[in-house]
Amino acid sequence: MTQLHPVVAQVTESIRQRSAATRARYLEAMDRARPQGSRARRKYAAPNQAHALAAAPKDDKHHLQVLSSPAVGIVTAYNDMLSAHQPYGDYPARLKAALRQAGAVGQVAGGVPAMCDGITQGYPGMELSLFSRDVIAMAAAVALSHGTFDAALCLGVCDKIVPGLLIGALRFAHLPIAFVPAGPMPSGLSNAQKAAARVRFANGEIDEAAILDSELEAYHSAGTCTFYGTANTNQLLMEVMGLHLPGASFEPPDTALRHALTREVARRTAAGALRGRSMAEMFSERTVVNAVVALLATGGSTNHTLHVPAIAAAAGLSLTWEDMDTLSAVVPLLTRMYPNGQADVNHFRAAGGTAFLIGQLLDAGLLHGDIGTVFDWGADQPEGLEAYRRRPRLDAQGEVEWPAPEAEASSRDLAVLRPAAEPFSPDGGLRVITGPLGRAVIKISAVAPEHRKVRAQARVFEDQLDLLAAFNAGELERDLVAVVRGQGPRARGMPELHKLTAPLKALQQRGFAVALVTDGRMSGASGSVPAAIHLTPEAADGGLIAKIRDGDWLELDGDAGTLAWDTEVEVRAGRDEVAPEPSAQGYGRELFARFRAGVGPADRGASIFADLDGPA
Ligand SMILES: O=C(O)[C@H](O)[C@@H](O)[C@H](O)[C@H](O)COP(=O)(O)O
């Protein structure tokens with residue numbers, strides 16, 4: 001067996017020790033919630049049980065009431081607005097049929113909201129986006145609060161939905177809970193061509209009709225957007241955490257194999273319920289470390305520097321940005337997918353996909369192989385992550401099987417996916433930035449080495465639209481550190497500022513040294529311009545970013561992980577903080593005032609949930 005890398009072992013151990021008290025309380029709570037006796041619903045009095053059975057079809061009633069079959073709650077994030085979630089429309093029927101075959105009964109326990117960042121990018125709805133993660137966690141809890149379920153299946157793909165569902169699921173981890181993906185959109189216009197068209201549009205070289213045609217060729221059908229942004233990072237992380245079946249993440253929607261995988265995850269979850277498995281016994285600090293390693297090895301979305309700590313906290317575990325940074329120094333970058341390269345997730349899958357990636361990381365001792373997985377719930381011999389080296393395929397009956405991996409498996413496209421011995425870069429794609437302004441994160445894997453260090457005078461904006469206006473007015477034709485502040489969780493719910501990608505890139509292409517510093521977020525799809533994001537403390541929480549003025553010299557060095565601010569301490573002290581503009585009314589933003597007032601800082605996940613398991 002491969003020896004675990006000492007740094008991975010050390011980070012895992014420090015998370016375990018730091019989290020000892022909260023984790024113990026979490027596991028006790030999960031233990032207390034475990035049903036005593038055969039089925040969860042039996043603890044309820046007759047009227048309560050009858051309510052749960054009332055609308056069930058006759059056969060399901062017989063199974064639940066007489067045969068004591070397990071009940072599996074389906075929590076769905078279906079809607080027609082997210083192309084990635086549209087395929088979920090008929091999943092409840094598919095899952096219920098598969099569960100019946102496995103001797104269980106499926107019931108839709110509830111729906112959770114899901115919003116598309118691609119639609120709301122740059123518009124008021126985006127100010128609800130990050131908070132929607134916590135709303136989804138709460139909605140998942142409401143769905144599972146019926147308490148009549150012996151297992152659950154969660155249906156979600158996109159940015160806030162998977163983290164939200166997982167946070168909710170982890171509070172019901174006395175049950176076995178699996179995640180059911182739906183697969184990526186087929187490749188259309190490439191992401192690089194799409195981005196190039198946006199820069200041409202920003203430069204005034206093409207008109208509204210041409211840019212819309214370009215976008216419609218890129219976003220053309222159901223399935224997850226093909227770039228390696230937050231949604232696809234979610235998918236990869238779920239697989240490496242053992243919460244998807246092996247190879248399930250990137251099989252396209254509506255293929256025979258996709259449907260066979262969906263049936264199989266239902267069967268394995270039913271088996272988990274029959275065997276008395278729980279998510280709590282499979283999800284540990286090792287699972288969390290695996291998620292971070294996979295994030296780093298693939299240059300995944302910066303949003304996961306918020307989501308993974310928030311997910312860990314929901315399982316009583318404390319993960320810090322420093323843990324991520326420490327791991328980043330030893331985890332090699334093994335993939336190049338847009339925005340870190342030209343390929344998309346379909347190319348990644350064709351090059352060897354998760355099976356090759358996980359195999360490489362296991363062989364390098366960078367992943368914990370000994371984690372519990374949903375695959376193991378239906379297997380006689382637990383295999384842990386080893387099973388995820390295998391690729392799914394259809395057997396003669398049209399069901400899924402995972403043949404033993406080829407001994408000499410290699411990447412089929414070294415421009416997209418590399419072995420650990422020949423990485424794109426010896427270290428991972430994310431870095432913590434430190435300096436007098438506080439701490440921030442940067443995704444250097446998406447930035448060419450020659451652009452990673454920028455020294456320039458600041459131009460300060462309180463709103464991304466002001467930056468766009470200044471760009472359009474030709475005021476930004478110079479070396480520039482754009483400071484966009486008042487965008488943090490307490491100020492505005494931490495919107496993504498992805499609309500700035502095209503103009504900043506256009507300036508970079510004109511030969512200017514350009515960087516961004518913000519207490520807001522950038523999209524997982526943003527790249528090429530170095531961006532120190534998630535700056536904490538934010539302007540609305542006493543952060544010194546509120547004291548920067550136009551003309552101050554800033555130096556962002558992505559490789560060194562530093563953000564210097566030349567202005568003398570005495571000069572800074574004499575300046576007033578510019579208070580962030582309050583979040584506007586309308587688009588429901590007023591409903592989230594309590595969220596803004598109560599949210600925690602970015603390095604703790606920008607979450608409204610604090611100390612779920614008491615003090616550390
Ligand atoms: O974090 C992310 O991955 C993004 O928020 C993503 O979910 C969103 O859809 C982008 O806005 C689309 O990217 P493009 O605008 O580049 O197509």
Side-chain angles (χ1 to χ4, degrees), residues 431-444 447 451-488 491-492 494-522 526 528-581 602:
R431 194 145 297 170
V432 176
I433 297 285
T434 54
L437 293 164
R439 288 147 77 242
V441 297
I442 189 169
K443 177 167 162 175
I444 49 167
V447 182
H451 293 311
R452 289 181 188 165
K453 185 170 174 178
V454 172
R455 178 175 175 76
Q457 282 178 291
R459 171 84 194 258
V460 184
F461 300 92
E462 315 297 332
D463 192 307
Q464 58 174 327
L465 299 181
D466 296 340
L467 191 156
L468 290 171
F471 171 81
N472 288 329
E475 291 170 19
L476 304 182
E477 307 284 314
R478 60 171 174 87
D479 291 354
L480 169 78
V481 177
V483 176
V484 186
R485 65 187 173 197
Q487 309 296 314
R492 289 218 184 162
M494 219 178 178
E496 287 186 344
L497 308 173
H498 182 47
K499 273 266 186 290
L500 303 181
T501 301
L504 293 178
K505 191 170 173 179
L507 293 172
Q508 190 184 58
Q509 287 181 354
R510 287 174 206 169
F512 300 114
V514 189
L516 174 71
V517 172
T518 182
D519 48 10
R521 294 185 293 139
M522 285 296 269
S526 304
S528 80
V529 171
I533 60 176
H534 307 177
L535 182 70
T536 182
E538 60 168 302
D541 197 22
L544 287 179
I545 188 174
K547 292 195 172 195
I548 300 178
R549 297 284 184 272
D550 284 348
D552 284 1
W553 282 92
L554 293 169
E555 182 178 291
L556 174 61
D557 187 338
D559 283 320
T562 54
L563 175 59
W565 180 24
D566 284 6
T567 310
E568 287 84 19
V569 176
E570 306 74 55
V571 177
R572 293 177 208 162
R575 288 181 182 171
D576 291 333
E577 287 167 13
V578 176
E581 289 165 16

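Scope of the values below: all heavy atoms of this structure, side chains included, with no hydrogens, waters or symmetry mates. Owing to the predicted nature of the structure, the values given are computational and were not obtained by experimental measurement.
- With sequence neighbours excluded, no residue satisfies salt bridge (Lys or Arg N to Asp or Glu O under 4.0 Å) with Arg572.
- Considering OG of Ser526 and NZ of Lys499, their distance stands at 11.0 Å, rounded to 0.5 Å.
- Pairing each heavy atom of Val454 with each of Pro530, the nearest pair is CG2-CG, 3.8 Å.
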* To do: Apply side-chain contact (heavy atoms from CB on, under 4.5 Å) to the pair Ile442 and Arg452, showing each step before the final yes or no.
  => CA-CA 10 Å; Ile442 189 169; Arg452 289 181 188 165; over 6 Å; no
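- For the pair Asp479 and Val514, the minimum side-chain heavy-atom distance is 4.5 Å or more.
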* To do: May I have the step-by-step check of side-chain contact (heavy atoms from CB on, under 4.5 Å) for His534 and Arg521, ending in yes or no?
  => CA-CA 6 Å; His534 307 177; Arg521 294 185 293 139; 3.7 Å; yes
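- With sequence neighbours left out, the salt bridge (Lys or Arg N to Asp or Glu O under 4.0 Å) criterion links Arg575 to Asp552.
- Each of Thr434, Leu437, Asp557 was compared with Leu563 under the side chain to side chain contact (heavy atoms under 4.5 Å, CB included) criterion, and only Leu437 meets it.
- The shortest side-chain heavy-atom distance between Val481 and Glu555 does not fall under the 4.5 Å cut-off.
- The distance from the CZ atom of Arg439 to the CD1 atom of Ile433 is 11.5 Å, given to the nearest 0.5 Å.
- When each of Val460, Val517, Leu497, Ile533 is paired with Val484, the side chain to side chain contact (heavy atoms under 4.5 Å, CB included) condition holds for Leu497 and for no other.
- With contacts defined as side-chain heavy-atom distances shorter than 4.5 Å, the pair Pro503/Leu468 qualifies.
- Leu554 approaches Ala458 most closely through the heavy-atom pair CD1-CB, 3.9 Å.
- Inter-residue side-chain proximity for Glu538 and Gln487 is flagged as unmet; no heavy-atom pair is nearer than 4.5 Å.
- The minimum heavy-atom distance between Glu581 and Glu462, with the atom names listed, is OE2-CB, 3.8 Å.
- Closest non-hydrogen pair, Lys547 versus Trp565, comes out as O-CZ2, 3.9 Å.
- Rounded to the nearest 0.5 angstrom, Gln508 CD and His451 NE2 are separated by 4.0 Å.
- Residues Arg485 and Thr518 form no side-chain contact, since every pair of their non-hydrogen atoms from C-beta on lies 4.5 Å or further apart.
- Atom CG in Leu507 sits 7.0 Å away from atom CG in Leu480 (nearest 0.5 Å).
- For the residue pair Gly486 and Pro580, the shortest heavy atom distance occurs at CA-CB, 3.7 Å.
- Note that CG of Leu476 and CZ of Phe471 are 7.5 Å apart. Values are rounded to the nearest 0.5 Å.
- When all heavy atoms of Asp576 and Arg549 are compared, the closest pair comes out as O-NH2, 2.7 Å.
- Legend: residues meeting salt bridge (Lys or Arg N to Asp or Glu O under 4.0 Å) with Glu475, ordered by chain and number and at least two apart, are Arg459.
- Rounding to the nearest 0.5 Å places CG of Asp519 at 9.0 Å from OG1 of Thr536.
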